[in-house]
Amino acid sequence: MSARLPSGGLIDRTRRLRFSFDGRRHEGFAGDTLAAALLADGVRLVGRSFKYHRPRGVLTAGPEEPNALVELRSGARREPNTRATVVELYDGLEAQSQNRWPSLRFDLLALNGLFSPLLGAGFYYKTFMWPAAFWEKVYEPLIRRAAGLGSLSTAPDPDHYEKATAFCDLLVVGSGPAGLMAALVAARSGARVILAEQDCLFGGRCLSERIVLGDGSAHRWVQSVVAELAATPGVRLLPRTTVVGTYDHGAYTAVERVNDHVAAPPPFEPRQRLWRIVAKRAVLAAGALERPLVFGDNDLPGVMLASAVSTYINRYAVRPGERAVLYADNDHAWATVADLRAAGAEIVAIVDPRPDARARAAVVARDAPLLTGVVRRALGGRTLQGVEVVGADGHVHRLDCDLLAMSGGWAPTLHLTSHLGAKPRWDAERSMFLPEQLPPGLLVAGAAGGELTTAAALSTGIRIAEGSLQSLGIAPRGVTPPVAGEEADAWTPLWRAPSSRGKRFIDFQNDVTTDDLELAHREGFGASEHAKRYTTLGMATDQGKTSALNGLATLAALTGKSIGEVGTTTYRPPYTPVAIGALAGHHRGPDFRPTRLTPSHEWAREQGAVFIESGAWLRAQYFPRAGETDWLPPVIREVQAVRSAVGLCDVSTLGKIELKGPDALRFIERLYANGWQTLAVGRARYGVMLREDGRVMDDGTVARLGEQHWFMTTTTANAVAVYQHMQHCHQVLWPELDVQFTSVTEQWAQFAVAGPRSRELLRRILASGEDISNDAFPYMAARAVTLADGLRGRLFRLSFSGELAYEIAVPARHGDAIIRRLAAAGEDLGVVPYGLEALGVMRIEKGHVAGNELTGRTSAQQLGLGRMLSTQKDYIGARLARLPALDDPADTQLVGVRPVDGKTRLVSGAHFLPLAAPTTFEHEQGYMTSVAYSPSLGHWIALGLLKNGRQRHGERLRAVDLLRSQETEVEICDPVFIDPQGARLRG
Amino acid sequence: MAETLPTHFAPGRYGKADGRPGVQVCARRIGLLASVIARRGAAKTLAATLERELDGDVLTVLGIAPGHWWIESASSARSADDLQTMFEGSASVFDLTDSRVVLEIGGPRIREALAKMLPIDLHPWVFRTGDVAVTIASHIGVTLWRMADAQTADAPQYRLAVARSYFGSFWRGFVASAAEYGCEVSPEVSP
């Protein structure tokens with residue numbers, strides 16, 4: 001049976017939309033929400049409750065909906081827990097009810113209701129205690145299956161989300177009468193305005209209520225204001241945009257549902273857009289939320305908020321029931337009676353707990369009975385069939401009805417005022433929480449500030465906007481509000497829920513009843529924050545929008561305090577649920593975070609490189625050839641090629657910083673622990689940098705390119721940190737030093753050319769006049785060079801591998817060409833590209849420390865770099881580096897490690913223990929930091945940190961890895977495994 | 001162009017294929033990008049000198065930080081070494097010519113596309129011709145400056161410099177941001 005009215009509403013009757021709910025076909029109109037279209041088609045049962053699986057219908061007509069949660073769409077786009085009251089209907093919409101089995105009408109788990117005495121608040125803390133082992137395997141999976149809301153698709157979301165930033169003078173949140181007036185004042189005054197409205201239409205209550213403004217309908221007035229705003233430069237209208245959070249310095253977040261109202265976003269358009277709005281001033285005009293009343297079985301489908309009833313009638317032309325009872329403690333809700341009458345519904349009775357309202361209500365009631373009293377219980381199976389009313393005289397009336405419109409007055413939507421931590425104040429006279437301490441720049445207008453009439457909303461909207469603009473130095477242009485009619489707004493809130501045999505729900509979504517709160521109070525969880533955790537009141541998708549106030553009122557009655565004394569729980573963003581996709585925006589998959597590519601990346605890819613993340617960089621890990629299916633064979637091959645012929649490796653990722661100025665040397669002396677005075681132009685030196693606490697910060701080389709021109713490198717991992725450290729040192733510690741420096745990491749493509757035939761290879765690409773013989777260009781030489789084609793580059797004779805080696809740097813745009821030229825020129829020399837793994841193997845063979853040893857917890861002395869610490873100068877970390885504790889033999893020292901049997905694979909992280917001692921922590925003597933298979937030695941080797949390690953070469957220990965259940969007998973040795981005299985690199 | 005730009009960047013139409021492109025991009029040839037940092041106490045005079053002697057049609061002087069400028073030019077007629085000689089004693093000059101990829105970006109929807117990446121206010125009342133911003137675009141450091149509006153265009157023109165190694169990630173984000181407006185990448189290299 002259709003509940004659609006023959007005319008009226010803000011729907012487009014020329015556009016019929018087909019949709020399905022639980023597989024059944026339905027039809028609605030453009031402009032409907034899913035809830036409206038379901039109600040229009042006579043569907044009243046739309047979901048099952050969280051815990052007891054009770055039948056639930058539509059309670060509200062907005063984002064506060066606790067009941068009508070559905071799974072929307074199918075396949076990868078399936079989205080659980082969408083609120084049918086805000087889902088805009090589109091052609092082909094598919095929705096499923098949730099939390100029921102096998103079907104919505106017949107849900108086996110509704111039996112839970114019979115066991116409800118066992119399932120009270122916190123039942124899972126008490127009931128599933130024994131045996132403890134059952135919790136993870138049995139109880140939790142069972143509870144999870146029985147409870148919960150919808151289920152995720154688990155497939156990757158096919159849609160694109162994005163984030164954006166917007167700026168304005170005035171952000172207006174909400175477009176009811178107050179918001180529209182505020183936006184209009186600002187727009188006419190030439191300010192930059194953003195008007196954010198969560199609905200697809202602007203107008204707020206003007207869309208839902210039959211309000212007369214000036215000489216026409218409020219809706220016509222809204223259209224004229226919106227048209228003017230849209231035509232004003234500097235105004236940005238954001239419909240379908242919910243402002244969900246307030247942050248510092250006038251920043252707000254908002255979610256724009258760009259394409260939630262269509263089956264799939266059009267090509268190249270995002271599904272949702274997360275806005276960061278930076279507003280000099282903001283007006284919160286988000287209106288107010290109607291409070292449900294508490295009585296037995298108040299969750300039956302057919303029990304609805306009065307404002308929702310009016311909305312379905314006026315906006316969607318849907319009559320939510322045939323025979324209606326209004327149950328309200330305020331005069332405002334009487335408008336719903338008029339709406340119901342206009343929609344052709346029978347008014348069965350008006351129930352009002354206020355004796356003083358009788359005379360005023362008589363006019364509204366007309367021929368309907370007017371009962372002074374309270375509803376005790378709703379009656380019915382799957383939907384409402386009647387109500388039990390207890391009159392003031394104690395007499396019980398039973399009324400047949402299929403719709404109960406209830407109203408417990410209004411609670412201002414003040415969430416955004418509390419996100420910075422301020423709690424709202426209880427205004428006992430007006431029976432509402434109102435913001436006390438507002439976030440800087442934010443003011444409240446209209447119902448959000450407790451001004452419940454349209455006239456007051458219009459005038460506060462204007463006044464607040466004018467004040468905000470004036471504080472910005474913008475002269476406000478006058479706006480005259482339309483004349484609003486009289487509105488009945490008397491209200492005496494009914495907080496008490498009459499005792500009833502039915503469950504009296506406070507939080508519909510979490511199945512929290514008055515009994516649960518009584519239990520919480522009995523068990524010592526009567527404070528609002530405790531009661532919330534104990535009962536789950538106010539949690540999940542609606543975050544207590546319809547339940548918080550009733551919960552506090554119940555706690556107040558239980559504790560004998562006032563509602564204000566009980567106080568609200570903490571409001572936190574977001575105001576309504578936000579999809580994780582919107583928070584991620586573009587940053588998912590390969591774009592999760594930015595990736596840096598080396599100058600030779602494309603070439604390495606062509607060579608079949610396997611890449612590995614190294615900080616933000618993507619570096620070649622190794623270069624497998626046909627037939628090499630594992631990582632180790634190519635690494636062995638690459639190491640052998642470097643040790644016997646020549647290899648190429650992109651080392652552009654090292655941080656590169658160039659320094660100039662008369663005080664550059666002084667600056668470098670203070671940064672590094674070792675001395676630089678004697679470094680000649682054209683030479684480079686290894687350097688160690690300490691932190692203030694005396695531990696090693698980073699290492700690298702510094703080359704002197706000119707008298708006052710220096711070039712330093714950092715490790716890849718610390719490149720940014722070292723540059724920041726240098727900026728701090730210069731700007732804060734020693735601004736008097738006349739030194740200038742900048743990061744040139746991106747300017748240079750730098751390649752290691754390493755191996756006994758590296759000189760031969762380089763000669764082939766350098767200009768013929770460049771003498772790089774050992775005499776002319778010895779170990780640690782550094783200078784500008786010219787390549788064969790005239791390109792200017794820099795050449796450094798540095799070696800990380802321990803071989804004769806160079807690093808050649810060229811301007812980055814030429815990097816790709818040069819690596820190709822090197823590879824081609826070295827073909828007959830047996831040149832190979834080598835990756836990060838081979839680089840690591842060779843540095844371990846040489847005993848060079850790297851990230852695994854430079855952990856920020858090691859001192860130079862521990863790492864065997866103690867002799868580098870200069871005693872001739874002051875530098876960062878000098879004082880604390882001399883603390884005895886940093887050079888304590890009882891502390892660990894860098895050692896080499898090899899397996900005694902010459903073949904067992906070593907594992908990084910294994911702990912050193914004496915051969916005989918038990919495997920307990922007190923016998924632990926250090927651990928292995930870096931391991932590698934050494935192709936040169938034919939067995940696994942490692943570096944490690946061992947207590948008093950330098951004195952223990954030759955000693956045998958156990959290397960114990962309890963994580964991998966592995967134990968190996970190892971021999972401690974010198975950390976330099978290959979060419980300890982360095983003959984090769986000087987050759 | 002292959003020499004100057006990473007391979008991700010290819011001319012053509014991206015995103016929405018019909019209608020006038022909302023965003024237009026072309027690569028800029030960088031003949032010179034030099035970082036000029038004033039020697040101690042020399043910032044004030046240097047600022048005046050830079051503006052007087054360099055800023056013009058060929059070279060653009062961009063204020064990057066206090067006492068710190070970028071000199072940018074499509075022409076390689078002058079090198080960073082030339083500038084170092086010119087400002088010997090008053091500034092240190094560092095060659096960054098290869099460190100950044102520079103794009104010329106414009107089009108009627110360019111501000112909306114950039115709003116998805118940059119956290120700064122590009123409203124024409126706020127970010128005016130000649131203004132420079134050292135900021136981030138979706139976690140990637142960028143330098144953006146606004147050119148004089150083109151005579152024929154109804155949209156602002158910007159130049160945007162992004163570190164070479166980050167360009168691939170930046171470009172993916174940029175194309176995604178501009179896709180709904182249609183993005184045309186010109187085969188031309190400016191100027």
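Below, chains carry the letters A, B, ... as their sequence lines are ordered, and counting in each starts from 1.
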Best-contacting candidate, Arg192(A), Glu658(A), His709(A), against chain B by heavy atom pairs under 4.5 angstrom: Arg192(A)

Electrostatic pair Glu602(A):Arg820(A) at N-O distance under 4.0 angstrom: no

Electrostatic pair Glu613(A):Arg596(A) at N-O distance under 4.0 angstrom: no

Between Asp591(A), Val744(A), Thr598(A), which shows the greatest number of heavy-atom pairs under 4.5 Å with chain B? Asp591(A)

Between Arg28(B) and Glu72(B), does any NZ, NE, NH1 or NH2 come within less than 4.0 Å of an OD or OE carboxylate oxygen? yes

Heavy-atom contact with chain B under 4.5 Å, split by part of Pro270(A): side chain

Counting heavy-atom pairs under 4.5 Å to chain A, which of Gly182(B), Gly67(B), Ser35(B), Ser138(B) comes out on top? Ser138(B)

When Ala817(A), Pro594(A), Ser743(A), Pro599(A) are compared by non-hydrogen pairs under 4.5 Å with chain B, the top option: Pro594(A)

Go through the atoms of Ala38(B) and report whether side chain, backbone, both or neither lie under 4.5 Å from a heavy atom of chain A. backbone

Verify ring-ring contact (aromatic ring centres under 6.0 Å, His included) between His601(A) and Phe611(A), making sure each step is shown before the conclusion. CA-CA 9 Å; His601(A) 183 85; Phe611(A) 292 99; 4.3 Å; yes

What part of Ala616(A) lies closer than 4.5 angstrom to a heavy atom of chain B: side chain, backbone, both or neither? side chain

Is Trp275(A) in contact with chain B via its backbone, its side chain, both, or neither, using a 4.5 Å heavy-atom distance? neither

When Ala91(B), Pro119(B), Ala17(B) are compared by non-hydrogen pairs under 4.5 Å with chain A, the top option: Pro119(B)

Quick one: what part of Leu33(B) sits under 4.5 Å from any heavy atom of chain A, side chain, backbone, both or neither? neither

Can you tell me which of His68(B), Lys16(B), Glu180(B), Met117(B) forms the most heavy-atom pairs within a distance under 4.5 Å of chain A? Glu180(B)

Would you call Asp663(A)-Arg40(B) a salt bridge at under 4.0 Å N-O? no

Which of these, Arg271(A), Arg240(A), Glu269(A), sits in a side-chain hydrogen bond (donor to acceptor under 3.5 Å, both in side chains) with Asn259(A)? Glu269(A)

In terms of heavy-atom proximity below 4.5 Å to chain A, should Gln84(B) be classed as side chain, backbone, both, or neither? side chain

Portion of Pro811(A) that has a non-hydrogen atom of chain B nearer than 4.5 angstrom: both

Spacing of Leu583(A) atom CG and Arg588(A) atom CZ [to the nearest 0.5 Å]: 13.0 Å

Salt-bridged, Asp131(B) to Arg146(B), with N to O below 4.0 Å? no

With a 4.5 angstrom heavy-atom cut-off, could you sort out which part of Leu618(A) is near chain B: side chain, backbone, both or neither? neither

Looking at Phe741(A), I'd like to know if the NZ or CZ of Lys660(A) sits under 6.0 Å from its six-membered ring centre while staying within 45 degrees of the ring's axis. no

